[in-house]
Amino acid sequence: MTAVLLCAVLGVSGCAGGDAGALTSSGSSGRQAAPAPGAASAPADALKGGIAGLIVVPKGYVADSREMSGPFKLASYLDTVSAFQAEDRALLLNATFTEGYQAARMSPDRQKQYTVQLFKTGSAKKAKYLQLGFWNQQSHTMKFAVPGVPQAFSDQRVGITGTAEQSEAVAEVSFVVGAMLVQIRVRQVGELETTLVPDTALARTLAKQQYTRLTSKSG
């Protein structure tokens, strides 16, 4: 589900490409992940309403200056994020994709990046097909539980980034609410000798909060 976000036209990430590299088991030893926040908030521009008002981000996290947050359409998604443009174009067109939104945030210590994306499609069935299409663009081997989020896809991994002498730990969750696809990624990068642990606690907490936000809005 992941992709490198480029600082350009209101981009998106998390579904393809950007977390490429050798994937290995994260193991159970090493530095423990920081506790997940107990509350979440909408971004400042949620006051504008619309799809922006549906986004949940971790409380206390700050805007990621390296990447853009905001709404996106088909063209901006393909131009700024997609590593599989032809495939992604077909997936989004088949899903009758109309609009999306991304929020990218950094932890207060600047060590972790949290990204959430929403994709509004033509129907619940089409949202599910889009979820499967994006998810199958990468291998996923280490699922973790996401209580309170029905039929969620999840994965955790530690691997080598495209940058020399760096490793990354990624936890990601994908789920569908009505005609909306949600993709969440928590990513931390460190030197190769650093023992990283995917922050599944943050990913599952924010997934549950995002699910609650969407179901309460849709209800």
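Computation of the quantities below employed the complete heavy-atom set of this structure, encompassing side-chain atoms and omitting hydrogens, waters and symmetry-equivalent molecules.
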Would you say the side-chain atoms of [X] pair up with the backbone N or O of [Y], donor to acceptor, closer than 3.5 Å?
X	Y	value
Ser167	Gly159	no
Arg204	Ala145	yes
Arg185	Val170	no
Thr80	Ser76	yes
Thr205	Leu202	no
Thr121	Ala179	yes
Lys208	Pro147	no
Asp155	Val173	no
Gln183	Leu118	no

Quick check for you: to the nearest 0.5 Å, what is the distance between [X] atom [atom1] and [Y] atom [atom2]?
X	Y	atom1	atom2	value
Phe134	Asp88	CZ	CG	5.0 Å
Gln111	Leu196	CD	CG	9.5 Å
Asn136	Glu87	CG	CD	9.0 Å
Gln102	Ile51	CD	CD1	12.0 Å

field: Ring geometry between Tyr61 and Tyr114 (parallel below 30°, tilted from 30 to 60°, perpendicular above 60°)
entry: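 The rings of Tyr114 and Tyr61 stand perpendicular, inter-plane angle above 60°.
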task: Decide side-chain contact (heavy atoms from CB on, under 4.5 Å) for Gln131 and Gln151; before the verdict, give the C-alpha distance in whole Å, the side-chain angles of both, and the deciding distance to 0.1 Å.
output: CA-CA 11 Å; Gln131 178 193 31; Gln151 301 182 2; over 6 Å; no
Taking the side chain as everything from C-beta on, heavy atoms only, tell me whether [X] gets closer than 4.5 Å to [Y].
X	Y	answer
Tyr211	Pro150	yes
Thr212	Leu214	no
Met180	Leu54	yes
Val56	Leu206	yes
Ile184	Thr115	no
Thr96	Ser123	no
His140	Met142	no
Ser174	Leu181	yes

What salt bridge (charged side-chain N to carboxylate O under 4.0 Å, His left out) pairs are there with at least one residue in [range], not counting sequence neighbours?
range	answer
residues 133-145	none
residues 123-138	none
residues 89-102	Glu99-Lys120

- prompt: Residues two or more places apart in sequence or in another chain: which of them pass side chain to side chain donor-acceptor pair (under 3.5 Å) with Gln210?
  reply: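 Counting only residues at least two positions away or on another chain, Gln210 forms no side chain to side chain donor-acceptor pair (under 3.5 Å).
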- prompt: If we ignore angles and hydrogens, is there a donor and acceptor under 3.5 Å between the side chains of Gln113 and Asp64?
  reply: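 Judged by distance alone, the side chains do pair up.
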message: Side chains of Gln156 and Thr200: any donor to acceptor distance under 3.5 Å?
response: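 Per modelled atom types, Thr200 and Gln156 side chains form no pair under 3.5 Å.
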task: Please assess Leu93 against Leu74 for the test side-chain contact (heavy atoms from CB on, under 4.5 Å), listing each intermediate value before the final yes or no.
output: CA-CA 8 Å; Leu93 289 175; Leu74 176 63; 3.7 Å; yes
message: Grouping I, L, V, M, F, W and Y whenever their side-chain heavy atoms are under 4.5 Å apart, do Phe72 and Leu78 come out in a common cluster?
response: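 Linked within one cluster.
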field: Partners meeting ring pair (Phe, Tyr, Trp, His ring centres under 6.0 Å) with Phe153 (sequence neighbours left out)
entry: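 Phe153: ring pair (Phe, Tyr, Trp, His ring centres under 6.0 Å) contacts with Trp135.
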query: Is it true that atom OH of Tyr129 has more than 12 heavy atoms of other residues, nucleotides or ligands lying nearer than 6.0 Å?
result: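 Open: at most 12 neighbouring heavy atoms sit under 6.0 Å from OH of Tyr129.
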query: Is any NZ, NE, NH1 or NH2 atom of the basic residue among Glu172 and Arg187 found under 4.0 Å from an Asp or Glu carboxylate oxygen of the other?
result: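 Salt bridge between Glu172 and Arg187, a charged N being under 4.0 Å from a carboxylate O: no.
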task: Taking all non-hydrogen atoms of both residues into account, name the closest pair between Pro198 and Val158 and its distance.
output: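 In terms of heavy atoms, the two residues are closest at CD-CG2, 3.7 Å.
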- prompt: Looking only at heavy atoms, what is the nearest atom pair of Ala103 and Ile55, with distance?
  reply: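 In terms of heavy atoms, the two residues are closest at CB-CG2, 3.7 Å.
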field: Check: Tyr101 ring centre within less than 6.0 Å of Phe119 ring centre
entry: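 So the answer is no for these two rings.
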task: May I ask you to list the residues sharing a hydrophobic cluster with Val62, side-chain cutoff 4.5 Å, ordered by chain and number?
output: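 Grouped by the 4.5 Å side-chain rule, Met106 form the rest of the cluster around Val62.
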